Amino acid sequence: MEKNVRLLNGTYTTKEGKNNGVKLELFGKTEDGKSITIVEKNFDPYFKIVEPPKSLINNISRDGEVKNISDETLWVTGKIRECKRVTIKHPWKVPEYKKRLSDRCQILDADIPFVLRFIYDNNIDSCFKVKGKEIKNHDYTTDLAIEAKEFGECENFFPTLKVMSFDMEKSIENDEIYVISAHVREEETLKVKSFKGKDKGLIEDFVEFINDEDPDVITGYNINGYDLPELEERAEQLNVSLNICRNHDTMRQRNKRDYQIKGRMIADAWWAVKSEMDLKRETLNHVAKELFGKEKLDVDPSNIDQEWKENRERVIEYCEKDAELAGDVLEELGVLQKAMDLGTVSMLPVDECLNPRTSVLIDSLFIREAIDKDIGVLQNNYQGGEDSDQVKGGFVYQPDPGIHKMIPILDFKSMYPSEIMKNNICLTTLASIDDTLPYEGKIESPVGAKFYSKDQREGILPDLLEELMEKRDETKAKRDNADDPKEADYYDRLQAAIKVVMNSFYGVFASSFYRFTNKDIGESITAFARESIKEVIKELEDEGYEVVYSDTDSVFFKSPHENDLEKTIELGKEVAEKISGEYMILELEKIADPFYSHGKKKRYIGRIVWPEEDRMVKGYETRRSDSFEAQNEAMKQVFQEVLNENQQGAVDAAREYIENVKNGNIDLKKLIISISCKKFSEYKKPEQMAQVQAAKKMMKKGYEFTPGQRVSWIVTNSTKTPQEVEPWIEYEEFEHEPDWEYYANRIAKTLARLTKTFGWDQDALMMGTDQQTLF
DNA sequence: TGCCCTCGGGG
DNA sequence: GTGTACGAGGGCA
């Protein structure tokens, strides 16, 4: 059998026999839309050791676990060194050897997940051709299974993935699961099914359903944080196996945060929302409204037990709707497509690209190069969680406080990658660690690190980046020349994926623990970058322009054409081109009119007038959790005035709002603070927590409270410690006096960030008079 | 100012 | 699974 496959994920098992029974299982989707398991039995785990003492080799060669020891000559941190490749029987023994041997000699290649090791070593791409013997009567849930003989190349393709989205309604009071609804789709809806009844049978039916349907992807809203852990716990209680993996293994918790279902991918729609959208609130309801303009069914989930008693049918309908909605969200955000695109660029299984760890993206490209060039792959060295090794970041210019007219914003195209290419930065070109090649002294970073120039030695890192950058330009050109909109869309997604990979180089190389970097490299990159942006600022100033702000790779300056957008666009483009160098390319990104900051770094707002009308708000928005609506409302009103370039109006709006709050002249609903409350005993200092106080007072009034429920309250006296709050109960009159002063103060604090520049700080806003009048 | 604690999503 | 990683915001010292 021969098949073209897109790789989804992989695992290994030891089912067959005791020794030598390690087999890899790769799960994928064929070009003709079949799910497939690829079994590989002939790959052994290994690691490498650098210049080991003879005694050590003697020692481990007698080890029953060790299968083979062979010679290798590798470039390791600046030297050609004699190394040994130690092949062993079991992948999970590698960490053991790492620990045992690491104080006697340097260990290489010992922290690469086994499946990835295999695909790197065999240069397997995200899509590949596999030849082998079909396994008839296999026990996998996939359509096909094959014993791999040979791997080859094939064109990229994008199979339609089968997605099962599900939702579970469960009692808050006890452990009972009321209903699980599943929604299966490929391109269109295939099946909707709800599971009810006794929990044991319910879960068993659900498991059977999953294995029968055999979805590639399992999704839902916050399933990693709620549905899956709850399901797991209940299944354990009832002694039901959640054997929903494609090889019939049990679903397991991978980290604290997510789960693993072998052969299937878990794509939590909430996580997708977090990374793809910028929302203040991320409830499914809000997201649905934002994406589709529709509200979901009105069932109060914090009161699910009541709802279930009163109207089962409605709860079931609600559950089905939510299951479908989560799938819709995933689809709308193009999550799977993006993961496949990223897989295409990074040569990784789709699963690795759903919530990619940037270091894995880079590893995939870099390690393949290292194998090719006989370079030793060092290990990541996370030394504790210390961030003392944090590399100094970008340069941030203290913004010029006030309202500014017509501000072109220039930014460097892929700044960090460009610096790396320009200065040939790589572990393999770092001259200070290398004694095989004399240094010519051409490239020295501002922190004193020395790099070989390109003609002396080409770095892998700049090479990879150059390739990516070229590919991106090519892809963009293809996009622009495509006649078919579908084709154009494909190329656009691909270039976006390339950008993601290129940018992830920065994060990884700015850290000091990534395997292919070190402090000198990280610091050199950012130092070169700071130098470049400062040069731009200087050049602008020398030309007579006034720079008002700059952050890392962008510069904001004043256009002399305060009221002429056309001229400003022209000027911006002209200036950008003039200052650009061969590698460091500046572009006119957008134009703000007006631009405002109160003088604090990373806090500014602006109205974007080019290339599209937009609003730009950085660092000012109050986000979620214990904020209350009045804060947002007041902020919005003041924003509006500032963007209308009306200073006085902004101050007046702020004063008026605060005055109203002080006088109790505001809708009480806008003061409600609402947070969920755990079991009281789970808090370190429960008596200090406002939510505990509110919950207790609710119970006293005879209302139900179950741990985990959301509670709402209004602050009535903040001068006490802890502050005094009273619960807000819907449909009941609030018979306490809010602490108006407290609310006015919090609003003033928020607003003062904006009005400070106009001479109005928090206290001034509270008093209603500015400093000048005061003194 | 800096440390410690908590939340979010879900029911 | 050849592991180790959330990030923002408020309260309190």
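Treat the numbers as computed from the prediction; the structure is a model and nothing was measured. Chain letters run A, B, ... following the sequence lines, proteins first, then strands; residues in each count from 1.
- Of the candidate nucleotides B/dG9, C/dT2, C/dG10, B/dG9 has the atom nearest to the side chain of A/Thr283.
- Nucleotide C/dG11 holds its C1' atom 13 Å from the CD1 atom of A/Ile673, rounded to whole Å.
- The backbone N or O of A/Val287 lies less than 3.5 Å from no partner atom in the side chain of A/Glu282, so there is not a single donor-acceptor pair.
- Atom pair A/Leu325:CG and B/dG11:P shows a separation of 11 Å (rounding to whole Å applied).
- At a threshold of 4.0 angstrom between heavy atoms, the contacts of A/Asp167 are confined to the sugar-phosphate backbone, with no base atom among them.
- Atom CZ in A/Arg257 sits about 12 Å away from atom C1' in B/dC7, given to the nearest Å.
- Comment: A/Arg515 engages A/Asp363 in a salt bridge, judged by a side-chain N to carboxylate O separation of less than 4.0 angstrom.
- An OP1 or OP2 oxygen of B/dG11 is reached within less than 4.0 angstrom by a side-chain nitrogen or oxygen of A/Tyr318.
- Close to C/dG10, at under 4.0 Å from its OP1 or OP2, lies a side-chain N or O of A/Arg746.
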Nucleotides 2-6 of chain B: which of its N/O atoms have a protein N/O under 3.5 Å away?
from: B/dT6; atom 1: OP1; to: A/Lys684; atom 2: N; distance (Å): 3.4

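- Residues passing the side chain to side chain donor-acceptor pair (under 3.5 Å) test with A/Thr719, sequence neighbours excluded: A/Asn717.
- Taking the six-membered ring for Trp and thresholds of 30 and 60 degrees, A/Phe43 and A/Tyr46 have ring planes more than 60 degrees apart, a perpendicular arrangement.
- Picking from C/dT2, C/dG1, B/dG9 the nucleotide with the shortest atom distance to the side chain of A/Arg254 gives C/dG1.
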- Go through the steps for A/Tyr97 and A/Asp63 under the test side chain to side chain donor-acceptor pair (under 3.5 Å), then give the verdict. CA-CA 11 Å; A/Tyr97 280 87; A/Asp63 194 324; 2.6 Å; yes

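- Between C/dC6 and B/dG9, the distance separating the two C1' atoms is 14 Å to the nearest Å.
- Whole-Å rounding puts the A/Tyr120 OH to C/dT2 C1' distance at 12 Å.
- Remark: the A/Arg252 side chain and the C/dG1 base include a donor-acceptor N/O pair separated by less than 3.5 Å.
- Residues satisfying the side chain to side chain donor-acceptor pair (under 3.5 Å) criterion with A/Asn9, sequence neighbours excluded, are A/Asp351.
- For the pair A/Lys274 NZ and C/dG7 C1', the interatomic distance rounds to 9 Å; values are reported in whole Å.
- In this structure, NZ of A/Lys262 is placed 10 Å from P of C/dG1, rounded to the nearest angstrom.
- Between A/Asn224 atom CG and C/dC6 atom P the separation is 13 Å, expressed in whole Å.
- A donor-acceptor pair shorter than 3.5 Å cannot be found between the side chains of A/His183 and A/Glu320.
- Ranking C/dA5, C/dT2, B/dG11 by closeness to the A/Phe114 side chain, first place goes to C/dT2.
- One can place NZ of A/Lys93 at 15 Å from C1' of C/dG1, the figure rounded to the nearest angstrom.
- Classified by interplanar angle (parallel below 30°, tilted 30° to 60°, perpendicular above 60°), the ring pair A/Tyr514/A/Phe509 is perpendicular.
- A/Pro91 comes within 4.0 angstrom of a nucleotide base, judged by non-hydrogen atoms across all strands.
- Distance from the side chain of A/Asp111 is smallest to C/dG3 among B/dG9, C/dG11, C/dG3.
- In this structure, A/Ile172 reaches the bases: a heavy-atom distance under 4.0 Å links it to at least one base atom across the strands shown.
- Side-chain atoms of A/Tyr221 lie closest to B/dG10 of the nucleotides B/dG11, C/dG3, B/dG10.
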